[in-house]
Amino acid sequence: MSWEDTYTVWKNNNDLESSLKQELEDLAGDQEALEDAFYAPLEFGTAGMRGVLGAGINRMNIYTVRQATEGLASFMETLDDEVKQRGVAISYDSRHHSQEFAYESARVLGAHGIKSFVFESLRPTPELSFTVRHLHTYAGIMITASHNPKEYNGYKIYGEDGAQMPPKESDLITKYIRQADDLFAIKVADKEQLIADQMLTVIGDEVDQAYLAEVNNVTIDHDLVEKEGQTMKLIFSPLHGTGAMLGEKALKQAGFKNFTMVPEQAVTDGDFPTVKKPNPEDEAAFDLSIKLGKKQNADLLIAVDPDADRLGAAVRQPDGQYQLLTGNQIAALMLNYILVARENAGTLPENAAAVKSIVSSEFATKIAEKHHTKMVNVLTGFKFIAEKIKEFQATDSQTFMFGFEESYGYLTKPFVRDKDAIQSLVMLAEVAAFYREQGKNLYDGLQDLFKEYGYFAEKTISQTFDGIKGASQIDSLMAKFRNEAPTKFAGYTVTAMEDFEKSAKTFVDGTIETIDLPQANVLKYLLEDGTWIAIRPSGTEPKIKFYIGTQADTYEKAQQKRADFESAINQFINE
């Protein structure tokens, strides 16, 4: 059907949910908005789906959520009956309609005779990952749009290992989703009847306690935390999301007694009223934390995004101002501490390994190498880090110590198989305690690492292309970089280009090596000075991302090189 036909079906549906019906009435005559809402189904990829809330097949609403869950249920019906009995764990964040979407998912599953376990109230993404493993469910559903603005919500599916569903299964689920093309014909069971029949179980504190018991093992040096945690001043913000309850409990459990939650941002609110974007990568998200930090003379400010899988931090500098750390810098500080502390305790395994994405800094690689720890590179997406953890455990080849992505996602202990800001909150506070015992803070610690390993500078540049033409614009940019491959950036020669879609690394002399990673639409240029530049479309948003990683012997030189490479990328785009 054309988008007009689809729109007509929705408009004429007398049973359409009232708020959506009102929205369509308000949009009547706005051809551009209606076309964007109905021209194509909301894309469902390996990271699930994410979109603007509203009416239409290209929006997040109860009907598109039912359709996604129908796909999961239809796939599960092709498996053993035992799978249906194991069921699906479901959690949700503080966004608008999140709880409603969670229960709509349970109602669709119930109509297929599949059990569900739904949290009594909002819980973080990492706890959902843990819950799948803890309750031995076959799958998990997380209703979240992570750090996106308030207009968005999303839907992610997790596999039985607690990681996001692998590509093979995800592709099959997508096939079943597309087969459920009549969104209004999808059957849903009655919620109260499902509870009465024990097909829907509401879960809560008992799972929280099991998760927190595991988080307690994140702390390496309990004596250090006991000593410094009594007086070290820390400001924590959950940015109106799921991190408040568990974050507070995890810090207290570890031994940190002198932290303050930003009161305005400890209130769960899907409008995120104190920030434009609830994103700990965004300096503006720290405005209230900085104000409170200056008042209390706090060493460290930490914020987590609404579903508590990403963590950002700011540290006090010598002049009393606060500097936001990058995800790569936070990872370097945490990995260095983990390896040093484990070495000092005599508990660093001989086969220790860390895992990072191919677009993350080599800063952490240098640290790992010094401590005889293997660094493994994987494609972007924490599911690939989870795959490595599974491989390490199955083969007993390596012992997982730490995993991270530059986009503010980290994992210390593998009882969760996704990035975990609650674990990271506790770990980064311990790292701060480590430096505090030496009369330093995290800013000083970072300078120490720079002096030892070199000054690393990174930058992620995102360009957004919304709407119908967005995908083709992104495709055109990828084609330009692939087919008209630059030979120089900012005066530095490209020595090799890695095309992960072709699994080929091509050197300047024409030599080609095979890349032993899954195929992906990613390009990476390696330059003569050790700089690298990567380009990839986002898997969850209408964006193309450019990554720069460079290094110099001073901070100023590293920052200047980063700026020069950014200008070179923009120049090539606009040629």
Side-chain angles (χ1 to χ4, degrees), residues 1 6 9-10 13 15 17 40-51 56-92 97 100-118 128-129 131-132 135-144 153-191 193-195 197-201 383 539-540:
M1 290 194 296
T6 306
V9 170
W10 280 60
N13 187 324
D15 295 325
E17 199 269 329
L42 196 61
E43 185 176 345
F44 194 95
T46 55
M49 64 182 184
R50 189 179 299 178
I57 61 173
N58 193 34
R59 296 288 185 264
M60 285 290 299
N61 51 63
I62 61 170
Y63 304 105
T64 52
V65 166
R66 287 175 181 176
Q67 183 188 35
T69 312
E70 180 73 11
L72 172 62
S74 297
F75 170 67
M76 290 177 66
E77 286 187 323
T78 68
L79 307 175
D80 295 339
D81 192 58
E82 176 257 352
V83 165
K84 294 169 70 173
Q85 293 303 309
R86 287 167 60 191
V88 178
I90 305 174
S91 186
Y92 52 94
H97 302 291
E100 179 185 13
F101 292 167
Y103 279 110
E104 286 299 317
S105 299
R107 293 177 69 201
V108 172
L109 293 169
H112 286 265
I114 298 172
K115 289 184 176 180
S116 61
F117 302 83
V118 184
L128 184 276
S129 171
T131 302
V132 171
L135 297 181
H136 306 290
T137 63
Y138 175 74
I141 295 171
M142 183 69 202
I143 306 296
T144 180
N153 212 328
Y155 181 108
K156 296 196 291 188
I157 297 179
Y158 286 76
E160 58 188 330
D161 65 344
Q164 287 190 41
M165 193 68 79
K168 180 182 176 182
E169 288 82 354
S170 181
D171 289 346
L172 288 170
I173 291 169
T174 301
K175 184 184 77 171
Y176 285 111
I177 290 172
R178 294 294 164 248
Q179 288 176 1
D181 55 358
D182 186 350
L183 277 62
F184 303 118
I186 295 170
K187 294 180 180 179
V188 293
D190 179 73
K191 172 188 166 185
Q193 190 61 50
L194 289 173
I195 293 173
D197 293 341
Q198 298 185 324
M199 292 297 293
L200 192 169
T201 302
K383 61 181 174 291
T540 56

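Just so you know, these numbers use all the heavy atoms, side chains as well, and skip hydrogens, waters and symmetry mates.
- When all heavy atoms of I90 and S105 are compared, the pair lying nearest together is CD1-CB, 4.1 Å.
- Every pair tested for salt bridge (charged side-chain N to carboxylate O under 4.0 Å, His left out) that includes a residue from residues 176-186 fails, sequence neighbours excluded, so the list is empty.
- Here E169 pairs with nothing under the salt bridge (Lys or Arg N to Asp or Glu O under 4.0 Å) rule; sequence neighbours left out.
- Rounded to the nearest 0.5 angstrom, Y92 OH and M142 CE are separated by 10.0 Å.
- Within the model, atoms OG1 of T137 and CZ of F117 stand 7.5 Å from one another, a figure rounded to the nearest 0.5 Å.
- Annotation for V132 and G159: closest pair CG1-O, 3.3 Å, computed over non-hydrogen atoms.
- Between A106 and S116, the closest heavy-atom pair is CB-OG, 3.4 Å.
- Sorted by first and then second residue, the pairs that involve residues 168-191 and meet ring-ring contact (aromatic ring centres under 6.0 Å, His included), not counting sequence neighbours, are W10-F184, Y63-F184.
- Residues satisfying the side-chain contact (heavy atoms from CB on, under 4.5 Å) criterion with D197, sequence neighbours excluded, are Q193, M199.
- In this view, F101 and H97 satisfy the ring pair (Phe, Tyr, Trp, His ring centres under 6.0 Å) rule, not counting sequence neighbours.
- Residues forming a side-chain contact (heavy atoms from CB on, under 4.5 Å) with L42 (at least two apart in sequence, or on another chain): M49, N58, M60.
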Please table the atom pairs, donor to acceptor, closer than 3.5 Å between any side-chain atom in residues 71-84 and protein atoms at least two apart or in another chain.
{"unit_1": "S74", "atom_1": "OG", "unit_2": "E70", "atom_2": "O", "d": "2.9"}
{"unit_1": "E77", "atom_1": "OE1", "unit_2": "H112", "atom_2": "ND1", "d": "3.3"}
{"unit_1": "E77", "atom_1": "OE2", "unit_2": "H112", "atom_2": "ND1", "d": "3.0"}
{"unit_1": "T78", "atom_1": "OG1", "unit_2": "F75", "atom_2": "O", "d": "2.5"}
{"unit_1": "K84", "atom_1": "NZ", "unit_2": "H112", "atom_2": "O", "d": "3.2"}

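- Partners of E160 according to the salt bridge (Lys or Arg N to Asp or Glu O under 4.0 Å) rule, which considers only residues two or more places apart in sequence or in another chain, are R86.
- Once rounded to the nearest 0.5 Å, the distance linking CZ of F44 with CD1 of I157 reads 3.5 Å.
- Contact between A102 and V118 at its shortest, heavy atoms only, is CB-CG1, 4.5 Å.
- With rounding to the nearest 0.5 Å, the separation of CG in D161 from NZ in K383 is 12.0 Å.
- Between T69 atom OG1 and R107 atom CZ the span is 11.5 Å, to the nearest 0.5 Å.
- Taking all atoms of both residues into account, the shortest heavy-atom contact from G56 to N61 is O-ND2, 2.9 Å.
- Legend: salt bridge (charged side-chain N to carboxylate O under 4.0 Å, His left out) pairs involving residues 57-68, not counting sequence neighbours, sorted by first then second residue: D36-R59, R66-E104.
- Listed by chain and residue number, D93 satisfy the side-chain hydrogen bond (donor to acceptor under 3.5 Å, both in side chains) test with T144 (two or more places apart in sequence, or in another chain).
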Evaluate the criterion side-chain contact (heavy atoms from CB on, under 4.5 Å) for residue pair I141 and Y158; output intermediate values, then yes/no. CA-CA 6 Å; I141 295 171; Y158 286 76; over 6 Å; no
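- Legend: residues meeting side-chain hydrogen bond (donor to acceptor under 3.5 Å, both in side chains) with H136, ordered by chain and number and at least two apart, are absent.
- Between the CG atom in L200 and the CD1 atom in I114 there is a gap of 12.5 Å [rounded to 0.5 Å].
- Contact of the V9 side chain with the N13 side chain is not registered, since no non-hydrogen atoms from C-beta on lie closer than 4.5 Å.
- Legend: residues meeting side-chain contact (heavy atoms from CB on, under 4.5 Å) with K187, ordered by chain and number and at least two apart, are A111.
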